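Because the structure is predicted, anything quoted here is derived from the model rather than measured. We name chains A, B, ... by the order of the sequence lines, and we start the count at 1 in each one.
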Amino acid sequence: MSKQYDPSGIEEKWQNRWRKEKVFEVIPEKQKTKFYCLEMYPYPSATLHMGHLRNYVLGDCLARFKRAQGYNVLYPMGYDAFGLPAENAAIKHGINPKEWTLNNIKKIKRQQQRMGLSYDWSRQIQTCDEEYYRWNQWIFLKFLEKGLAYQKEAWVNWCPKCGTVLANEQVVNDRCWRCSHRVERKKLTQWFFRIRNYADDLLNDLDELNWPERVKEMQKNWIGRSEGAEIKFKVKGSREEVSIFTTRADTLYGATFLTFAPEHPLVERWVKGTRFEEGWKELLALSQKKDMVEKEKKGLFIGKHALHPITMEEIPIWIGSFVLYEYGGGAVMGVPAHDQRDFEFAKQNDLPIKLVIQPFEHKLDEGRLTRAFTEEGYLVNSGEFNDLPSKEGTAKITKKLEELGKGKKAVDYKLKDWLISRQRYWGTPIPIVYCEGCGVVPVPEKDLPVTLPKDVEFTGSGNPLETSKSWVETTCPKCGGKARRETDTMDTFVDSSWYFLRYCSPHQKNSLVDKSDAKYWMPVDQYIGGIEHAVMHLLYSRFFAKAMRDFGLIEVEEPFSKLLCQGMVKNLTPFCPQCNRFLHSSEVSNNLCSSCGGEIQMRSVAMSKSLGNIVEPEKLITKYGADTARFFTLFASNPESDFEWSESGIESIFRLMKKIYELLTFRPRECRTSWDPYDDWLNFRLHQTIKQVTESIDQLKLRDALNYLNELINSLNSYREVKPNKKLFGEISKDLLLMLSPIVPHLCEEVWEQNGSGEFISLERWPTYDKKIIKEETKWDMLESLIEDIKEILKITKMRPKRINLIVGLPWKYEFFSKLRELLETTKTQQVIMKTLMKEQELRKHGKEISGLLKKVIDKPSLLSSRALSREDEFDFLEKAKDILTKQFGVQTEVIIEEESTQAKAKQALPRRPAILIE
RNA sequence: GCAGGGGUAGCCAAGCCAGGUCAAAGGCGCAGGAUUGAGGGUCCUGUUCCGUAGGGAUUCGCGAGUUCAAAUCUCGUCCCCUGCACCA
């Protein structure tokens, strides 16, 4: 006799067995098709949160499913172990960052293991290992050699709170992506990766990716490709030329001024020591504070003029707080008539407005413009280009400029090169030394890794690396002279841009990845993670893959073929409508808001520490067990939708677990060996469920899959009570168990063992369905609607049935339906249909009835189901299925044919809809 | 402003790509019944309205259109979410 369901005992037992017997370790096997399933590796904070849980359960379920389908599945886990929290812990509590990190990894790994995740732990990596980050350095050197890494002085984003610079991607609404502190601008010499070289590839290859549309869209926007022209303006009274970028070269003749970004290096030169210097400084300060610019669009004439490249007219040079230094060369031509921003600028500063494009439909009056006309039209006031439509004008003017040597077609991107320097300790040292004699010298490959020193002080100000004299002071690898090490470390996004490659051969000593391993495993077939990395990690990784392909290191150029971004995890949280914000539970007393005294509402919002609405996965596991937590996370919503936490939800799943356990371990009270129609039905339900579940998991609709399984569980549960066929009951139980095993693996292993089925259910094959049985769907559907109909009649008439008679219609009805189906392909006209039908002798006899039926069918086309049975099949099937009805309703059921019935109701019989007569 | 994704019964949510088998799966909630000493749990039934025979009426944000037939296709419109946003 079986025991009670005891998750904690079961789960630990199987987790240990999996580990001991290395059940989930894999090696490349050429003859087997691989499947690489990967979740975004976590930053190792000490506790797992629900977002992680959801992420991993999705991946694990898929990995187990694919394994069962016979794929060789690579499913690894590792830790994004560098980064600020460790360093901050060092500053605050004096803990060594490495110790702190490794300790956290231990804790989080323990929690992951309690979830029963089927990782190949032998492949675990952590990016703070020397053996890992040496390859960051190797990549850096490779990039340097290929011109993909370079150093330059630039205006960069600086987060004062983190004490480091940030890449463009890491600035969100002028704030640091990590700590949300307002970002400042600084001019610094920093290291960059030339991701812009791959801008077009990164953009074009998006098309072939099986990624969520919004992620692709975000990357597209981020790359921000725009086609236009670069136009050179001569500066009056000097030999200098300035370049500007425009997408509207057709409006060139309308340019009445140039506007420069205050940061532009030329501007600084021009205004130094002039009366404009003060004003320039003010504007410069203004444009550093990005938020302010929204409100203030200030400009300043700086006493210089440029010469229009074609007309040679003089136009004034201004600086403007709104001009972005980072884009289009940091200068624009001002065309007030055709650009709204320029229009406002011109109005504000009394600059001339020159109309050069007229709309196609009507005519604008230059003197009376109230806003810019930004659409296409035809050119006016544009010399030889007059009367051309905008598009053509653009092309012709660009061509002319090219002939004059004053411009050319050009493409610009919003995407900036990736700034990778970070002024922090806990990261990969950039392998560079500064030699007094030789200058900037890369550390030779043979001297890698450059490891982090231990004798550093964490004071909370400045880069701790600078405090290690023994480390900073070194010798030049070229000349042997005195040299200083680069103290900046790399952005941790460098680590995560290739970690998925390292999993392919995690213990490889002499290279970053073994080429043949990478060839076998890459690309990642299914990548799963949060949406927050849509333009950071996911863009950088694509860039790395493309660069590494160009080095010949790997063959694929897109690392992740399929991407799933799981939705948020939400919880009901107190919300104060008066204050218009969510409240921490400590801010609520007696359902009132503690700051305004107003009544609070409960609203759903993403779980976060600051709102105190977090549910800790570990507590869930302790209370209900991992299997319940797993089932619940998958069942609460489909992966891409938001997930709503619910206490009553998880309770009901826990009860379901018990039910499943008992259903599959307690033998039915009575069984039989004979086979009856009810068995056919159950068998059909089984095959149908296998099909539905398999397809749902394939499409990652896990919630739907669970729904289907739930239905089968219910069917099997009822089946158990009615003296089931022993063999079939066993089969359904077994297949059900197999289908549940990716979701609740511990429970399934336990039942599997108790039933003596074999070693590990985790290594068993996924059940398959029989297409022939699925084809019977039409019949079973007919039976189901028959049952519904009978219930309906009983409900309406409130009868106590003694007997049910099913009457199969006359042959001509079948003929009529089948003819009609054919006819409807060619015509819809009732008259024509009627005429054609009446040509048939057999049908002619029933002309009157047919004409009535025809009306009915045209009115309700669903009567004429495309899934037809022949009269004989229908009769045979009903004859067989009547036992089911007898069981269902507890009364005798008979099937007769219309010919044999004298009942008026018999006339109602139609194909697929036998007449029902309840006595 | 630009772009992407949405709006389905009390709530959550599937269906839409490939129109008919859709009064529309499943879950939650609610109601009734069976079981139980009660509660809980479990099982069954119901859950737009009307109807003592499988029917009828009205429903898939709103409005139009295509079609014999629309939750599904087309157009318009309103609302919600998400991302980007002085990008020249």
Query raised in the report: What is the nucleic acid contact for A:Ile918, judged by heavy atoms within less than 4.0 Å: base, sugar-phosphate only, or nothing?
Result: base
Query raised in the report: Hey, does the side chain of A:Lys414 come within less than 4.0 Å of B:C84's phosphate (OP1/OP2), counting only N and O?
Result: no
Query - Watson-Crick/G-U partner (both atom distances under 3.5 Å) of B:A57 - result: B:U48
Query raised in the report: Roughly, in whole Å, what's the span from CG in A:Asn805 to C1' in B:A53?
Result: 14 Å
Requested in this report: Could you measure between the two C1' atoms, the one in B:U67 and the one in B:U82, and give it in whole Å?
Outcome: 36 Å
Requested in this report: Indicate, with a heavy-atom threshold strictly under 4.0 Å, whether A:Pro801 touches base, sugar-phosphate, or nothing.
Outcome: nothing
Report task. Looking at every strand, decide which applies to A:Lys216 at a 4.0 Å heavy-atom threshold: base, sugar-phosphate, or nothing. Result -> nothing
Report task. Could you check whether A:Ala534 gets within reach of a base, just the sugar-phosphate, or nothing at all, counting any heavy atom under 4.0 Å? Result -> nothing
Query raised in the report: Under 6.0 Å from the NZ atom of A:Lys819, do we count more than 12 heavy atoms belonging to anything else shown?
Result: yes
Query - pair A:Asp174-A:Asn157: side-chain heavy atoms closer than 4.5 Å - result: no
Report task. Ignoring the backbone of A:Trp222, work out which of B:A85, B:A53, B:G46 is nearest its side chain. Result -> B:A85
Query raised in the report: B:G83 phosphate, OP1 or OP2: any side-chain N/O from A:Lys220 under 4.0 angstrom?
Result: no
Report summary line: As its Watson-Crick or G-U partner within any shown strand, both distances under 3.5 Å, B:G83 has B:C2
Query raised in the report: Think A:Arg913 has a side-chain N or O under 4.0 angstrom from the OP1 or OP2 of B:G55?
Result: yes
Report summary line: Across all chains, not counting sequence neighbours, the ring-ring contact (aromatic ring centres under 6.0 Å, His included) partners of A:Phe257 are A:Phe345
**Report entry** For B:U42, the Watson-Crick or wobble partner whose two distances fall under 3.5 Å
**Finding:** B:A34
**Report entry** Ring geometry between A:Phe643 and A:Phe632 (parallel below 30°, tilted from 30 to 60°, perpendicular above 60°)
**Finding:** perpendicular
Report summary line: Sorted by position of nearest nucleotide on RNA chain B, 5' first, the leading residue of A:Glu792 and A:Leu786 is A:Glu792
Report task. For the residue pair A:His537 and A:His533, categorise the inter-ring angle as parallel (less than 30°), tilted (30 to 60°) or perpendicular (more than 60°). Result -> perpendicular
Report task. Would you mind reading off the distance between A:Met568 atom CE and B:C12 atom P, rounded to a whole angstrom? Result -> 15 Å
Query raised in the report: When you compare B:G4 with B:A9, how far apart are their P atoms, in angstrom units rounded to a whole number?
Result: 27 Å
Query raised in the report: Looking for any heavy atom pair under 4.0 Å, which part of the strands does A:Val323 touch: base, sugar-phosphate only, or nothing?
Result: base
Query raised in the report: Is there a Watson-Crick or G-U wobble partner for B:C75 with both distances under 3.5 Å, and which nucleotide is it?
Result: B:G63
Query - Distance flag, aromatic centroids of A:Tyr253 and A:His308, threshold under 6.0 Å - result: yes
Query - A:Ile793, nearest nucleotide to its side chain (from B:G27, B:G54, B:G5) - result: B:G54
Report summary line: Rounded to whole Å, CZ of A:Phe643 lies from C1' of B:C11 at a distance of 17 Å
Query - Presence of A:Lys701 side-chain N/O under 4.0 Å of B:G15 phosphate oxygens OP1/OP2 - result: yes
Query raised in the report: Across all strands shown, which nucleotide pairs with B:C68 by Watson-Crick or G-U wobble geometry, both distances under 3.5 Å?
Result: B:G20
Query raised in the report: With a non-hydrogen cut-off below 4.0 angstrom, is A:Ile244 in contact with a base, only sugar-phosphate, or nothing?
Result: nothing
Query - Nearest to side-chain heavy atoms of A:Glu711, which nucleotide of B:A25, B:G27, B:A88 - result: B:A25
Requested in this report: Report yes or no: is there a donor-acceptor pair, N or O only, under 3.5 Å between the side chain of A:Arg703 and the base of B:A13?
Outcome: no
Query raised in the report: When the nearest nucleotide of RNA chain B is assigned to A:Glu919 and to A:Asn710 on a heavy-atom basis, which residue is associated with the more 5' position?
Result: A:Asn710
Query raised in the report: In terms of side-chain heavy atoms of A:Asp704, which of B:A85, B:A14, B:G54 is nearest?
Result: B:A14
Query raised in the report: When the distance from CH2 of A:Trp645 to P of B:C11 is rounded to whole Å, what number comes out?
Result: 24 Å
Requested in this report: For B:G29 and B:U66, measure between their P atoms and round to the nearest Å.
Outcome: 46 Å
Query raised in the report: Which nucleotide in the set B:G27, B:A14, B:A53 lies at the smallest distance from any side-chain heavy atom of A:Asn638?
Result: B:A14
Requested in this report: For B:A3, take OP1 and OP2 only and decide whether either is under 4.0 Å from a side-chain N or O of A:Arg214.
Outcome: no
Report task. Take the protein atom CG of A:Leu716 and the nucleotide atom P of B:C43, then report the distance between them rounded to whole Å. Result -> 13 Å
**Report entry** Whole-Å C1' distance, B:U35 and B:C22
**Finding:** 36 Å
Query - Gap between atoms CG and C1', on A:Leu656 and B:U42 respectively (whole Å) - result: 13 Å
Query raised in the report: Is the closest side-chain donor-acceptor distance between A:Arg655 and A:Thr628 under 3.5 Å?
Result: no
Query raised in the report: To the nearest Å, how far apart are A:Asp339 CG and B:C2 P?
Result: 15 Å
Query - Nearest-angstrom distance, C1' atom, B:G65 to B:A57 - result: 24 Å
**Report entry** A:Gln340 side chain to A:Glu344 side chain, donor-acceptor N/O pair below 3.5 angstrom
**Finding:** yes
Query raised in the report: Counting side-chain heavy atoms from CB outward, which of B:A88, B:G27, B:G4 is closest to A:Asn714?
Result: B:G27
Query raised in the report: Which listed nucleotide (B:C87, B:A85, B:G27) is nearest to the side chain of A:Asn173?
Result: B:A85
**Report entry** Whole-angstrom distance between B:C28 and B:G19, as gauged at atom P
**Finding:** 33 Å
Query raised in the report: Separation of A:Phe257 atom CZ from B:A88 atom P, in whole Å?
Result: 16 Å
Report summary line: Per atom distances to the A:Thr247 side chain, the nearest of B:G54, B:G51, B:A88 is B:A88
Query raised in the report: Considering only side-chain heavy atoms of A:Asn221, which listed nucleotide, B:C43, B:G83, B:G55, is closest?
Result: B:G83
Query raised in the report: When you look at NZ of A:Lys907, are more than 12 heavy atoms from neighbouring residues, nucleotides or ligands closer to it than 6.0 Å?
Result: no
Query raised in the report: How far does the C1' atom of B:C60 sit from the matching atom of B:G7, given to the nearest Å?
Result: 10 Å
Requested in this report: Could you check which nucleotide pairs with B:C11 in any of the strands shown, counting Watson-Crick or G-U wobble with both distances under 3.5 Å?
Outcome: B:G27
Query raised in the report: A:Glu217 side chain: which of B:A53, B:A3, B:C44 is closest?
Result: B:A3
Report task. For B:C75 and B:C84, measure between their C1' atoms and round to the nearest Å. Result -> 28 Å
